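Note that the numbering runs from 1 along the sequence shown for the chain. Because the structure is predicted, anything quoted here is derived from the model rather than measured.
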Amino acid sequence: MKNYLYIISLIVLCSCAGSKAAKYLKQGNVLEKNFKTTIPFEYRNGLIVIKVQIEGETYDFILDTGASNVLSKELNAKLGIQPLDSEDVGDVYGDTQRLEYTKINKIKIGGVNFLETVAAISDFNSVTSLSCLDVDGLIGSNLMRNAVWDFDFKKQTITITDTESNLKIPANHKESKFYIGYAGIPSITTKVNGMTVLNNMIDFGYNGGIVLPLKVFEKQKNKRIKKWVKSYGEGSTGLYGKKKNITSYDSKIDEIKIGNLTVKNRIVYSAPFMENIFGLGFFKNYRVILNWKIKRIKMVEVSPLKDELYLNYGFSYSYENSLIYVSALTENSNASKYLKIGDQIIAVNDKNYLNTPLDKWCKILENGLFDENKNETIITIIRNGKKKTFQLEKEALFN
């Protein structure tokens, strides 16, 4: 169970085909005619953060193929851009809020100027753990669709160009057709244990691996899927927060096919409300080229995939009002024998977490609550006013 998963993907939802937002999201172009630029990026909590320039100043933006562009409320106020209108905007769970959206005349990324692109305006500080990312907005697919994007996750660089002929792509690359949905968001068709699964979002706004639809998991459970575990508690973090009291599953899939790429023995996640997703945790194994013009994703293997091991402590944790608490547990895990959801975590090994300010929590999100290289840890909790200490061991709940 990976402790902290972000799924910040955002789509401006339209109530009808004639929505103004739908028309605006198709707008945008690039100033340059023949261009190629390479930029560095950094990881923040497993998400891609790049530098962009707006009106001559530099800002930090998350790059998210599963989203439309977004500006933080603070940045929009600073820029003084007037809203065009408002729309209901949904996150990955389908939770919606009425948000204003606006048009940005020019965003410069590396040496490339993207013109007349639309962005929603959102309050990133409304969700504590999103505020830890300390970014000014999102670059989404409604902007990205105007160029070819070449991601080198090993070197942490992105090459942006107008044509694939500017890139050296090995002949032995793998590829798949992708489909362009609303706001330019790309999705692929896959085969999971031989079963066709449609509309799998290519989502760089998800720092996890593969999300398999719950209905597909349930259909294959105990038939094609033999190895799985059940967890309960809070879900991943969307733009408007987490889902509480959900039952989720981690399972091992024997074979997944994406175009002419076949991967075996992958661990996938399934939960209510969540759609089909292929996130950064999966694509980091490849050099990835996304080309909206020809509707193709190309993947160059960087290192051979290894069989994934489901080796962990069997619990997740979250944060609220300066307190860290147990937020989810995996059934029949070592942790489930000792911990309960809602237990306040006050110490891990020799580190004290009785009262945790936000800046300390942000560091925990980046580095973890305990040493992942060790196979045992000592955790102290408070439950019903009583202090309890347990020694937990990592275990492989399935191989």
Side-chain angles (χ1 to χ4, degrees), residues 1-7 42-47 127-134 207-209 229-237 241-242 244-246 248-250 267 269 280-281 284 306-399:
M1 177 185 289
K2 182 177 175 63
N3 177 69
Y4 220 87
L5 296 176
Y6 287 96
I7 313 178
E42 65 173 289
Y43 289 114
R44 291 189 193 169
N45 295 351
L47 298 173
V127 178
T128 300
S129 296
L130 285 178
S131 69
C132 289
L133 295 169
D134 192 25
N207 63 349
V229 293
K230 181 166 68 173
S231 300
Y232 50 93
E234 291 183 358
S236 305
T237 298
K242 287 191 170 190
K244 296 182 181 291
N245 302 320
I246 68 169
S248 62
Y249 300 87
D250 291 281
I267 294 173
Y269 177 74
L280 280 176
K284 281 181 183 178
K306 298 179 180 179
D307 287 355
E308 291 184 294
L309 296 176
Y310 194 78
L311 181 68
N312 56 53
Y313 290 110
F315 78 99
S316 294
Y317 49 88
S318 196
Y319 175 86
E320 189 173 346
N321 298 325
S322 300
L323 305 179
I324 301 173
Y325 60 92
V326 176
S327 59
L329 288 166
T330 299
E331 278 190 351
N332 302 317
S333 66
N334 187 268
S336 68
K337 300 172 186 175
Y338 304 107
L339 303 178
K340 292 186 178 181
I341 292 175
D343 285 347
Q344 181 190 344
I345 300 171
I346 62 171
V348 175
N349 297 321
D350 58 348
K351 295 182 179 180
N352 188 301
Y353 297 109
L354 182 60
N355 186 42
T356 305
L358 180 58
D359 60 343
K360 189 175 180 180
W361 169 244
C362 291
K363 290 180 181 179
I364 291 170
L365 283 182
E366 188 70 34
N367 302 313
L369 191 63
F370 38 76
D371 188 348
E372 288 289 351
N373 294 318
K374 294 183 178 179
N375 290 326
E376 61 181 37
T377 193
I378 296 173
I379 184 169
T380 302
I381 59 98
I382 293 178
R383 183 189 305 154
N384 298 326
K386 296 181 179 180
K387 186 186 297 186
K388 299 176 181 289
T389 298
F390 307 107
Q391 179 171 309
L392 301 180
E393 296 180 358
K394 281 187 178 180
E395 56 189 329
L397 295 178
F398 54 72
N399 296 315

For [X], does the [atom1] atom sit with more than 12 other heavy atoms under 6.0 Å from it, leaving out its own atoms?
X: Y325; atom1: OH; answer: yes
X: K363; atom1: NZ; answer: no
X: N384; atom1: CG; answer: no

Out of curiosity, [X] [atom1] to [Y] [atom2], how far, rounded to the nearest 0.5 Å?
X: Y313; Y: N334; atom1: OH; atom2: CG; value: 9.5 Å
X: L323; Y: Y353; atom1: CG; atom2: OH; value: 14.5 Å
X: L133; Y: E366; atom1: CG; atom2: CD; value: 9.0 Å
X: F390; Y: L339; atom1: CZ; atom2: CG; value: 6.5 Å
X: K394; Y: F370; atom1: NZ; atom2: CZ; value: 7.0 Å
X: N349; Y: E376; atom1: CG; atom2: CD; value: 9.0 Å

How close do [X] and [Y] get, counting heavy atoms only, and between which atoms?
X: T330; Y: S231; value: OG1-OG, 2.8 Å
X: I324; Y: T356; value: CD1-OG1, 3.7 Å
X: I246; Y: E234; value: CG1-C, 4.4 Å
X: E331; Y: S336; value: C-OG, 4.2 Å

Is there a side-chain contact between [X] and [Y] (heavy atoms, below 4.5 Å)?
X: I345; Y: F315; result: yes
X: I364; Y: Y317; result: yes
X: K340; Y: I381; result: no
X: N332; Y: V229; result: no

Could you tell me whether a side-chain N or O of [X] sits under 3.5 Å from a main-chain N or O of [Y], the two making a donor and an acceptor?
X: N207; Y: N45; answer: yes
X: D250; Y: Y269; answer: no
X: Q344; Y: L354; answer: yes
X: D343; Y: V326; answer: no

(request) Could you give me the CA-CA distance, side-chain angles and deciding distance for S333 and E395, then say whether side-chain contact (heavy atoms from CB on, under 4.5 Å) is met? (result) CA-CA 8 Å; S333 66; E395 56 189 329; 3.8 Å; yes
(request) Please determine which of T377, N312, V348, N375 meets the side-chain contact (heavy atoms from CB on, under 4.5 Å) test together with L392. (result)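 Per the side-chain contact (heavy atoms from CB on, under 4.5 Å) rule, the option paired with L392 is T377, out of T377, N312, V348, N375.
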(request) Under the side-chain contact (heavy atoms from CB on, under 4.5 Å) rule, what do L358 and C132 come out as? Steps first, then yes or no, please. (result) CA-CA 8 Å; L358 180 58; C132 289; 4.0 Å; yes
